[in-house]
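Here the structure is laid out as structure tokens; the discussion comes afterwards.
One is the number of the first residue; the rest follow in order along the sequence. Values in this document were obtained by computation on a predicted structure and should not be read as measured data.
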Amino acid sequence: MNSALSPSPLSFVHPTADSPWGTYLMQVDRVVPYLGHLAKWAETLRRPKRTLIVDIPIELDNGNVAHFEGYRVQHNLSRGPGKGGVRYHPDVTLEEVMALAAWMSIKNAAVNLPYGGAKGGIRVDPKLLSNKELERMTRRYTSEIGIIIGPQQDIPAPDVNTNPQIMAWMMDTYSMNTGTTATGVVTGKPIHLGGSLGRVKATGRGVFVTGREAARRLNLDLNGARVAVQGFGNVGSAAAELFAQAGALIVAAQDHTGSIVNDRGFDMADLTAHVRETGGVGGFRGAEPLQAEAFWDTRCDILVPAALEGQITAARARRLQARLVLEGANGPTLPGADDILAERGILVVPDVICNAGGVTVSYFEWVQDFSSFFWTEDEINVRLDKIMIGALKKIWDTADRHRITLRTATFAVACERILTAREERGLYP
Ligand code: NAD
């Protein structure tokens with residue numbers, strides 16, 4: 001090939017080995033040898049299809065005007081409309097949102113949902129805003145990204161620091177701007193607005209279901225198993241609750257308010273009440289406080305990172321005591337750490353399958369909104385479990401066949417679906 005025509009690196013990001021987009025690119029490099037003739041199309045995975053950066057000015061309660069930077073990235077739309085959450089966090093960057101959008105492409109294809117991958121975010125600490133300011137920011141952001149979202153185009157959902165109320169404001173703003181009642185434009189909505197039963201706990205449930213399957217293959221009995229959880233928000237708390245119901249002991253937890261440990265396992269009802277009242281696990285009376293770094297030395301069977309990216313570094317991977325890591329968060333393990341965990345025989349169920357329960361029930365919500373016919377929570381959970389178990393089995397078979405990690409196997413299954421769609425559609429024009 002003429003070198004002048006070989007793919008040029010993207011000009012607007014500068015990934016490093018440990019940054020989210022750099023991590024994702026390395027994961028793509030690892031899967032290419034398993035893509036056969038589809039490897040010809042692999043470069044499409046290394047580039048987001050569309051990136052939108054928006055300015056969000058809002059009037060604060062004190063009369064001043066504040067500006068926030070917002071993003072919506074559609075990584076790949078070969079298999080269907082974009083789908084992925086919206087994150088409010090002071091550290092959000094375009095590069096992070098690009099990686100999160102790309103992981104959504106992989107995840108949606110891994111569980112065979114008819115979606116492409118997308119993600120959004122605002123660089124803001126929402127805890128510093130009043131409720132009214134939060135609403136104004138959400139509405140302006142929705143209006144700004146309104147040119148690329150829609151029930152058939154790109155469907156946002158909750159992620160870190162966003163919730164059903166924020167989805168309700170997004171749905172209302174989009175509906176006002178289009179003169180419709182567009183329930184299908186976002187998922188993770190309140191039940192009265194076309195939300196789905198089971199959505200709030202779906203991601204944690206998927207972590208539990210894939211974890212239960214992995215534990216079975218490791219001959220690890222969940223009854224009495226010791227579990228450590230980083231992040232006690234939507235994902236971490238729901239997963240912890242289900243593990244506790246299965247007889248596991250939740251022995252350590254960490255969030256932005258602190259780290260706690262109790263060798264005999266937490267009383268989950270007390271811990272949940274404490275988090276509801278105080279906003280975090282720090283200061284929980286039924287546990288001992290722990291130094292943040294010591295959390296990674298906790299003696300446990302299962303570790304559930306369910307907070308942010310890049311938490312399991314190479315240094316922490318060398319110290320982990322767990323037999324099984326369940327990635328509730330997106331991108332919690334750096335590539336160097338992944339290799340160390342594999343060498344140490346610690347099994348990792350990767351984010352792109354482990355936390356796919358949320359988007360799976362989001363898909364159910366979207367389908368229910370279109371058909372205006374709603375399912376019971378039991379129906380949701382039965383269908384969710386079936387999809388997660390079936391997807392994990394296919395991934396496990398692929399891993400066994402090629403002797404590769406579950407992460408590379410998930411990428412192999414997903415990329416084959418994405419790139420087959422790419423090839424069958426052909427290039428336009
Ligand atoms: P959340 O806002 O409900 O909870 C986030 C948790 O992370 C909180 O407990 C917070 O205290 C903790 N946290 C934040 N910064 C931290 C730090 N520096 N150290 C330790 N803990 C910290 O968010 P969530 O929806 O539970 O999302 C958590 C992770 O799961 C994210 O990676 C998200 O992308 C991923 N995820 C979420 C969903 C979903 O449906 N909500 C679906 C798939 C993946």
Side-chain angles (χ1 to χ4, degrees), residues 12-13 20 48 50-75 82-101 104 118-151 153-190 192-195 200 233-234 255-257 279-280 307-309 330 362:
F12 51 90
V13 282
R50 193 174 279 138
T51 63
L52 180 64
I53 305 178
V54 296
D55 174 39
I56 309 158
I58 63 158
E59 186 170 331
L60 300 175
D61 293 345
N62 65 11
N64 290 340
V65 175
H67 288 253
F68 301 98
E69 192 169 299
Y71 315 93
R72 186 73 190 171
V73 174
Q74 296 170 345
H75 171 259
K83 186 90 192 76
V86 173
R87 175 174 295 194
Y88 290 175
H89 196 277
D91 297 335
V92 166
T93 60
L94 174 63
E95 194 207 311
E96 180 188 51
V97 177
M98 280 168 56
L100 292 166
M104 288 309 299
K119 199 86 178 192
I122 305 180
R123 203 171 159 76
V124 61
D125 184 351
K127 296 185 176 73
L128 302 179
L129 298 181
S130 71
N131 207 42
K132 276 287 160 203
E133 289 166 340
L134 191 63
E135 178 175 350
R136 286 198 285 276
M137 182 186 73
T138 299
R139 287 184 180 281
R140 181 62 186 253
Y141 169 68
T142 309
S143 277
E144 294 294 340
I145 65 166
I147 50 175
I148 61 168
I149 64 168
Q153 290 167 273
D154 180 0
I155 306 114
D159 191 70
V160 173
N161 289 327
T162 54
N163 56 32
Q165 175 60 74
I166 288 172
M167 294 305 114
W169 291 329
M170 291 188 75
M171 174 267 179
D172 183 69
T173 305
Y174 181 87
S175 298
M176 289 298 142
N177 286 346
T178 54
T180 57
T181 302
T183 53
V185 69
V186 287
T187 57
K189 300 179 295 291
H192 289 107
L193 291 179
V200 172
N234 177 293
D255 70 4
H256 73 285
T257 64
L308 299 171
E309 301 91 58
N330 286 307
S362 273

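Rounding to the nearest 0.5 Å places CG of Leu308 at 11.0 Å from NE2 of His256. Rounded to the nearest 0.5 angstrom, Arg87 CZ and Leu100 CG are separated by 4.5 Å. Atom CD1 of Ile145 and atom CD1 of Ile56 lie 8.5 Å apart (nearest 0.5 Å). Separation of atoms CD (Glu95) and OH (Tyr71) is listed at 11.0 Å; rounding is to 0.5 Å. Rounded to the nearest 0.5 angstrom, Ile148 CD1 and Arg50 CZ are separated by 6.5 Å.
When every heavy atom of Asp154 is checked against every heavy atom of Ala118, the shortest pair comes out as OD1-CB, 3.5 Å. Here the shortest heavy-atom pairing between Pro57 and His67 reads CB-CE1, 3.5 Å. Closest non-hydrogen pair, Val160 versus Ala307, comes out as CG2-O, 4.3 Å. Taking both residues in full, the closest heavy atoms of Thr138 and Tyr88 are given as OG1-OH, 2.8 Å, listed atom of the first, atom of the second, then distance. When all heavy atoms are compared, the tightest approach of Pro190 to Pro164 is CD-O, 3.3 Å.
In this structure the side chain of Thr162 never reaches within 4.5 angstrom of the side chain of Met170, judged on heavy atoms. The shortest distance between side-chain heavy atoms of Phe68 and Ile58 falls below 4.5 Å. Pro158 places none of its side-chain heavy atoms less than 4.5 Å from the side chain of Ile166. Within the 4.5 Å cutoff, the side chain of Thr93 has no heavy atoms near those of the Met98 side chain. Using a 4.5 Å heavy-atom cutoff, the side chains of Asn234 and Asn163 are not in contact.
Within 6.0 Å of NE2 on His192 lie no more than 12 heavy atoms contributed by other residues, nucleotides or ligands.
The backbone N or O of Thr183 lies less than 3.5 Å from no partner atom in the side chain of Tyr174, so there is not a single donor-acceptor pair. With Asn330 contributing its side chain and Glu309 its backbone, the two residues share no donor-acceptor pair below 3.5 Å. At least one donor-acceptor pair closer than 3.5 Å links the side chain of Lys83 to the backbone N or O of Ile155. When atom types are taken as modelled, the side chain of Thr51 and the backbone of Val73 share no donor-acceptor pair closer than 3.5 angstrom.
Side-chain polar atoms of Thr187 and Ser362 form a donor-acceptor pair below 3.5 angstrom. No side-chain donor-acceptor contact under 3.5 Å links His89 and Asn161.
Judged as a salt bridge (Lys or Arg N to Asp or Glu O under 4.0 Å), not a single pair has a partner in residues 161-171 (not counting sequence neighbours). For residues 134-151, the set of pairs meeting the salt bridge (Lys or Arg N to Asp or Glu O under 4.0 Å) definition, not counting sequence neighbours, comprises Asp61-Arg136, Lys132-Glu135, Glu135-Arg139, Arg139-Asp172, Arg140-Glu144.
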Mind listing the side-chain donor-acceptor pairs of residues 119-126 below 3.5 Å, one per line with the distance, residues two or more places apart or on another chain?
from   : atom 1 : to     : atom 2 : distance (Å)
Lys119 : NZ     : Asp159 : OD1    : 3.2
Arg123 : NH1    : Val92  : O      : 2.6
Asp125 : OD1    : Lys127 : N      : 3.1

Candidate pair Tyr141 and Thr173, rule side-chain hydrogen bond (donor to acceptor under 3.5 Å, both in side chains), full reasoning: CA-CA 10 Å; Tyr141 169 68; Thr173 305; over 6 Å; no
Evaluation steps, side chain to side chain contact (heavy atoms under 4.5 Å, CB included), between Val185 and Gln153: CA-CA 9 Å; Val185 69; Gln153 290 167 273; over 6 Å; no
